[in-house]
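Read through the structure below, which is laid out as structure tokens, and then see the notes.
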There are 2 protein chains.
Amino acid sequence: MSTHATTRVAAPTRREQILREAARLFAERGFHGVGVDEIGAAVGISGPGLYRHFAGKDAMLAELLVGISERLLDGGRTRVSQDAAAGDGSPGSLLDALIEGHIDFALDDRPLITLHDRELDRLREADRKRVRRLQRQYVEVWVEAVRALYPALAEAEARMTVHAVFGLLNSTPHLTGALPDRDATAALLHRLARGAFAAAACSEVPA
Amino acid sequence: MSTHATTRVAAPTRREQILREAARLFAERGFHGVGVDEIGAAVGISGPGLYRHFAGKDAMLAELLVGISERLLDGGRTRVSQDAAAGDGSPGSLLDALIEGHIDFALDDRPLITLHDRELDRLREADRKRVRRLQRQYVEVWVEAVRALYPALAEAEARMTVHAVFGLLNSTPHLTGALPDRDATAALLHRLARGAFAAAACSEVPA
DNA sequence: GCAACACGTTAACGGTCACTAACCAGTGCG
DNA sequence: CGCACTGGTTAGTGACCGTTAACGTGTTGC
């Protein structure tokens with residue numbers, strides 16, 4: 001990859017570099033478990049040099065979590081629009097697109113996924129509310145897609161199912177070590193998610 | 001251990017009380033995020049009084065995590081034996097029993113479930129290895145049950161599916177606040193898990 | 001009665017850690 | 001040149017926190 005990269009995806013700026021390493025370290029050892037000196041060391045500068053780029057450790061976590069949540073929501077909404085525009089009819093296409101997008105995210109940004117549901121409580125009130133709002137909106141995008149496909153499914157059950165499927169898709173970080181084959185993993189996860197949704201819709205209230 | 005405890009389930013001893021509150025606090029704010037004074041305050045004693053019952057903060061976490069892992073594995077193995085003994089034939093009965101047991105655990109001991117996959121790295125090497133070993137054995141119990149029901153499913157995929165289903169079942173702590181109806185929740189989760197397993201077994205390699 | 005002990009208490013200590021202060025090298029620019 | 005600004009550096013500081021020390025108090029067995 002590009003040391004100079006004359007074109008678009010410019011070389012990763014220092015800020016981004018710091019954020020990436022911080023995400024990795026936070027995911028590995030927890031927010032409180034990693035010191036600013038370690039974060040600095042991970043990008044080649046040491047300790048308080050970070051304060052030229054961030055107001056503090058909290059600010060790094062906040063930017064990470066808000067960033068993840070925004071990217072997830074944006075990605076979801078983009079797929080909704082694309083699917084609506086393409087209007088090719090197949091009823092599950094939107095749900096498939098959402099699942100695929102989430103899987104890409106879970107596989108490519110494992111540290112962020114870990115942080116996303118692990119360190120939310122370490123945020124200041126304002127940031128936490130913002131992240132929760134974004135998360136709620138993302139869930140809502142999914143719930144609508146699910147209910148469009150399975151109209152018989154009640155809203156409460158759809159929402160819980162979406163949460164559960166998130167847990168399923170986000171389970172990849174728990175697989176210690178690199179996973180063997182990315183495509184096969186993605187395909188399997190996709191199948192599992194669809195299976196869960198189908199089961200949710202089937203035999204809704206079992207007497 | 002027990003001071004005298006002539007009988008079985010005596011009133012909750014101080015130790016157990018401390019463990020429960022510590023689990024709750026660790027789950028809420030992370031191992032490093034909660035101080036010994038808070039744990040003490042949660043059980044009515046203050047600060048260093050805890051050291052009459054535990055060697056240190058680490059020891060509490062270790063006992064919690066080892067305890068969870070042992071209870072899970074024991075529960076799983078018990079159900080395997082019971083199912084084998086009852087030998088009533090229905091092929092999915094063992095898997096259903098495992099799912100049900102895990103759901104009971106996830107719903108009744110939410111803080112422990114949270115700790116179980118969040119704070120493992122805060123343990124000393126020896127304890128961490130022990131917990132991982134127990135977890136691996138528990139997964140293996142599931143993998144065998146799954147492959148007994150779906151013999152066509154490859155072992156690697158079965159194992160990954162089991163991990164994913166754990167993620168699905170363990171998603172309940174993320175549902176902020178008390179869940180509305182325990183039985184309905186359990187039934188839904190059970191259905192989702194079965195759906196995921198069925199999907200894993202279906203159309204194993206898609207060309 | 002009293003020694004031993006279980007179970008607390010408060011005070012202090014040592015280390016860690018986020019953050020600040022003060023300082024400094026390079027770069028672009030008039 | 002001089003000047004400002006960016007992005008570093010090291011040293012220090014105040015707070016927090018896990019742990020230990022020293023001490024006290026009821027209960028229990030002999």
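Model, not experiment: these values are computed from the prediction. Here is the naming used below: chain letters follow the sequence lines, and residue numbers restart at 1 for every chain.
- The interatomic distance linking A/Arg14 (CZ) with D/dG7 (P) rounds to 10 Å, in whole Å.
- One atom, NE2 of A/His53, and another, P of D/dT6, lie 11 Å apart when rounded to the nearest Å.
- Atom-to-atom, CD1 of B/Ile18 to P of C/dA6 comes out at 15 Å; the value is rounded to the nearest Å.
- For B/Ala193 against B/Leu169, the heavy-atom pair with the smallest separation is CB-CD2, 4.2 Å.
- Residue pairs meeting the side chain to side chain donor-acceptor pair (under 3.5 Å) criterion with at least one partner in residues 54-73 of chain A, sequence neighbours excluded, are A/Arg15-A/Glu63, A/Glu70-A/Arg130, A/Arg71-A/Asp109.
- Ion pair A/Arg118/B/Asp117 not flagged as a salt bridge, since none of the NZ, NE, NH1 or NH2 atoms sits closer than 4.0 Å to an Asp/Glu carboxylate oxygen.
- In this structure, A/Met60 and A/Leu50 have side chains that are in contact, with non-hydrogen atoms separated by less than 4.5 Å.
- B/His102 and B/Asn170 share a donor-acceptor pair across their side chains, judged by distance under 3.5 Å alone.
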Given protein heavy atoms under 4.0 Å, the one-letter contact record of nucleotides 10-27 of chain C, with B base, S sugar-phosphate only and - none, is simply BB------SBB-BB----
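- Taking atom CD on B/Gln17 and atom C1' on C/dC7, their separation rounds to 13 Å, with Å as the unit.
- Taking A/Arg159 as the reference, A/Glu140, A/Glu155 meet the side chain to side chain donor-acceptor pair (under 3.5 Å) condition, with sequence neighbours excluded.
- In this structure, A/Phe54 places its CZ atom 12 Å from P of D/dG7, rounding to the nearest Å.
- Per the geometry, CZ belonging to B/Arg124 stands 17 Å off P belonging to D/dG18, to the nearest Å.
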